[in-house]
Amino acid sequence: MIKINNFLTSLQGCNSMQKLKRIHAQIFVNGCHSDPSIVEKLLNFCSVSVSGNLSYARILFSQIENPRISAWNSIIRGSSQSPYPLEAILLYNRMIQDSHCHPDNYTFSFLLKACFKAKADKKCREAHGSIIRLGYLSDASVSTNLVRCYGGSGLVETAKKLFDEMHEKDLVAWNSMLSCYSQVGLHTEAMEIYGRMRTSNVEPDEFTVVSLLSSCAHLGALRFGIEMHKFAEDNGFIGNVFVGNALIDMYAKCGDLERARQVFSSMKKKDLSTWNSIIVGLGVHGCGAEAIWFFRQMLGLGVRPNAITFIGLLSGCSHQGLVNDGIAYFHMMRSEFWLNPSIKHLGCMVDLFGRAGKFEDAFQFIENTEARDDPVLWRTLLSACRIHRNVVMGEVAMRNLVRLSSQNAGDCVLMSGIYADTGDRQGVSRMRKLIRYQGIKTNPGWSWIEIDGIVHKFVVDDKSHTDIKEIHCKLKEVVHKSRLAGYVEEMSSSIGFQSTEESSEAWIGNSNNYHSEKLAIAFGLTRTPPGTTLRIVKNLRVCRDCHQLTKFISKAFNREIVVRDRVRFHHFNGGVCSCRDFW
DNA sequence: GTAGGGTTAG
């Protein structure tokens, strides 16, 4: 009789369906099929192993007369890892209804994994009830899975409560909570969790670093990101491809392209995300040509691009005015790689034409696409009209937004900006009325700057900062010095309308000196030694007047200033901006 | 002999 171990050894080297069947047949020949543990082993292997085969596992499972809990667990686990996690939930239901088996802590772990992947919120809550009833909440793996499930369905508070109630929080539990905050965009909370983790004496690992770097990227917290980089180096995490990718993304999003390139070239192991991170990073910095260069390298090495690669490429082309390249890559996407353009790709194309002032092309592009009723495309066209002060096309875009009943405050402010730029007071007042009449909510604008590892946040006309008097004083000096160098306030403010800011900032008449990014820059100037680069992050698009003033500041104070706005990066140096005034 | 965590998207 062949020993069980022999089967296991042959399974290890098994990579084809035929071999699997052969082993299965041998089990029969040797009369081992009546031993449930042997069949369960085979089942578990087929369900879970990378070289396994879930379809075969299903057949095997169907042949077991009264599956024991371990068999149920194997098949539920296999399905939860597959592209059809819903199947795991159905199997669980069958087990509860039709078998005499009771779920254990393993069953719940696998079930919850499936719930997370399938976004099955209701089932998650139901499982939560059973878990409490059966006393499995104290199991670390089960409760960590619950935390992820609630976090993934947006119920972050519930996730946090469960996490806080966990008796023994191990590293995986901390990492799950951290990534939960990071993924829903609560980056400050993610940082707080990290702080608590450290004070609880839990040593971070690669997973911790990756989630944290993602939060650093969104916050624009370069200093903290550099610290994390150092930490990763000291702890031997640098060979990890996730860590490398997250580092590239963090450096790019924090405005330090040079370091992003360095990390990229130092990485021995690269995957698709590595290439995407550098291409997308270069794209938002307006380095379209360089993004194309990387794209060609990538193709040369046989790495197949995906939809994200093309987002990076197309946005790079649009920010650098590479219209023909953009068109070529848009077609290449479908013809060579069988990728269907998403609304984001279409948006990039409208932006590509619009930014280059090719309004007729932009308009025709929207009209000829199936997504012509998607407000995103008209909104993109409207932004381009703002750059080029195109009233006629701006009104076309605005009319379409109204037709689709989706005009928001940002759209009205953009349109107002176009009217203001062309001196049309009536147009401005029409837009103001539209906002008041429809009660459209405006989006408050803020900017932040990181000084000595602390993030300082400013809103328009901020009075809350403890050093606000000093900041205002500095701002006066800054404006005075810039005026001497030739700075003139933008025309639009002289008719009582403040520029492009898509926010309530825009509606506060004469407060243009107190826009959030101006406050942040003035603060940065008072708190950093001469020559230090200032890095500002803001949630909206930078306004024309602030953009103009920042150019003069970069020259008058001899500072490099990097501003990350909602759309892209602006590198101000020696009186000019990398966006060449097309933003 | 059975478990849980990570990056990139106008």
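Proteins come first, then strands; the chains are lettered A, B, ... in the order of their sequence lines, and each starts at number 1. Given the structure is predicted, the values throughout are model-derived calculations rather than measurements.
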Original post:
Hey, does A:D205 reach any base, or is it just sugar-phosphate, or nothing, if we go heavy atoms under 4.0 Å?
Top reply: base
**OP:** Check the distance between B:dG10's P and A:L540's CG and give it to me in whole angstrom.
**Re:** 16 Å
**OP:** Using a 4.0 Å heavy-atom cut-off across all strands, classify A:D351 as base, sugar-phosphate, or nothing.
**Re:** nothing
Subject >> Which nucleotide in B:dT2, B:dT8, B:dG6 has an atom nearest any side-chain atom of A:S211 >> reply: B:dG6
Original post:
For the side chain of A:S70, counting heavy atoms from C-beta on, which of B:dG6, B:dG4, B:dT2 is nearest?
Top reply: B:dT2
Original post:
Expressed in angstrom and rounded to an integer, what is the separation of A:L111 atom CG from B:dG4 atom C1'?
Top reply: 14 Å
Subject >> Of the listed nucleotides B:dT8, B:dG4, B:dG6, the one nearest the side chain of A:V243 >> reply: B:dG6
Subject >> Euclidean distance, atom CG of residue A:L178 to atom P of B:dG4 [Å, nearest integer] >> reply: 19 Å
Original post:
From B:dT7, B:dG4, B:dA3, pick the nucleotide closest to the side chain of A:V172?
Top reply: B:dG4
**OP:** With the side chain of A:I311 defined as its heavy atoms from C-beta on, choose the nearest nucleotide among B:dG10, B:dG6, B:dG4.
**Re:** B:dG10
Original post:
Does any pair with a residue in residues 271-295 of chain A pass salt bridge (Lys or Arg N to Asp or Glu O under 4.0 Å), and if so which ones, sequence neighbours excluded?
Top reply: A:R261-A:E290
**OP:** Among B:dG4, B:dG10, B:dT8, find the nucleotide with the atom closest to the side chain of A:D170.
**Re:** B:dG4
Subject >> Residue-phosphate contact under 4.0 Å: A:R148 side-chain N/O, B:dA3 OP1/OP2 >> reply: no
Subject >> Whole angstrom value for the distance that separates P of B:dG6 from CH2 of A:W174 >> reply: 17 Å
Original post:
How would you label the contact of A:V376 with the nucleic acid (heavy atoms, under 4.0 Å): base, sugar-phosphate, or nothing?
Top reply: base
**OP:** Evaluate the ring planes of A:H570 and A:H547, with Trp represented by its six-membered ring, and classify them as parallel (under 30°), tilted (30 to 60°) or perpendicular (over 60°).
**Re:** perpendicular
**OP:** Look at the aromatic rings of A:H388 and A:F359 and report parallel, tilted or perpendicular, splitting at 30° and 60°.
**Re:** perpendicular
**OP:** Could you tell me whether the side chain of A:S315 has a donor or acceptor atom within less than 3.5 Å of a complementary atom in the base of B:dG10?
**Re:** no
**OP:** Tell me whether the OP1 or OP2 atom of B:dT8 has a side-chain N or O from A:S214 closer than 4.0 Å.
**Re:** yes
**OP:** Would you please determine if the base of B:dT7 is stacked by A:F242, with stacking meaning a centroid separation under 5.5 angstrom and planes under 30 degrees?
**Re:** no
**OP:** May I ask you to evaluate whether A:Q81 reaches the phosphate of B:dA3, defined as a side-chain N or O under 4.0 Å from OP1 or OP2?
**Re:** no
**OP:** Given ring-ring contact (aromatic ring centres under 6.0 Å, His included), test A:Y181 with A:F163 step by step and report yes or no.
**Re:** CA-CA 12 Å; A:Y181 274 133; A:F163 173 75; 8.7 Å; no
**OP:** Classify the nucleic acid contact of A:A307 as base, sugar-phosphate or nothing, counting any heavy atom under 4.0 Å across all strands shown.
**Re:** nothing
Original post:
Does the B:dG6 base have a donor-acceptor partner in the side chain of A:N240 within less than 3.5 Å?
Top reply: yes
Subject >> Donor-acceptor pair (no angle test) under 3.5 Å: A:S273 side chain, B:dT8 base >> reply: yes
Original post:
Nearest to the side chain of A:E40 - B:dG10, B:dG1, B:dT7?
Top reply: B:dG1
Original post:
Hey, does A:I343 reach any base, or is it just sugar-phosphate, or nothing, if we go heavy atoms under 4.0 Å?
Top reply: nothing
**OP:** Starting at atom CZ of A:F110, determine the distance to atom C1' of B:dA3, rounded to an integer number of angstrom.
**Re:** 5 Å
Original post:
For B:dA9, does either OP1 or OP2 sit under 4.0 Å from a side-chain N or O belonging to A:K253?
Top reply: yes
Original post:
Going by the angle between their ring planes, with limits at 30° and 60°, are A:F294 and A:F264 parallel, tilted or perpendicular?
Top reply: perpendicular
Subject >> Residue A:D249, side-chain heavy atoms: nucleotide from B:dT8, B:dA3, B:dG6 that is nearest >> reply: B:dT8
**OP:** Apply the test side-chain hydrogen bond (donor to acceptor under 3.5 Å, both in side chains) to residues A:S215 and A:H218: give CA-CA distance (whole Å), side-chain angles for both, the deciding distance (0.1 Å), then the verdict.
**Re:** CA-CA 5 Å; A:S215 281; A:H218 285 98; 5.9 Å; no
Original post:
Where the side chain of A:T380 is defined as all heavy atoms beyond and including C-beta, which of B:dG10, B:dA3, B:dT8 is the nearest nucleotide?
Top reply: B:dG10
Subject >> Separation of B:dG4 C1' from A:I131 CD1 (nearest whole Å) >> reply: 12 Å
Original post:
Given B:dG4, is OP1 or OP2 found less than 4.0 Å from the side-chain N or O atoms of A:K113?
Top reply: yes
**OP:** Provide, to the nearest angstrom, the distance between the CZ atom belonging to A:R379 and the C1' atom belonging to B:dG10.
**Re:** 12 Å
Subject >> Nearest-angstrom distance from the residue atom CG of A:N306 to C1' of B:dT7 >> reply: 13 Å
Subject >> Listed partners of A:K268 passing salt bridge (charged side-chain N to carboxylate O under 4.0 Å, His left out), at least two apart >> reply: none
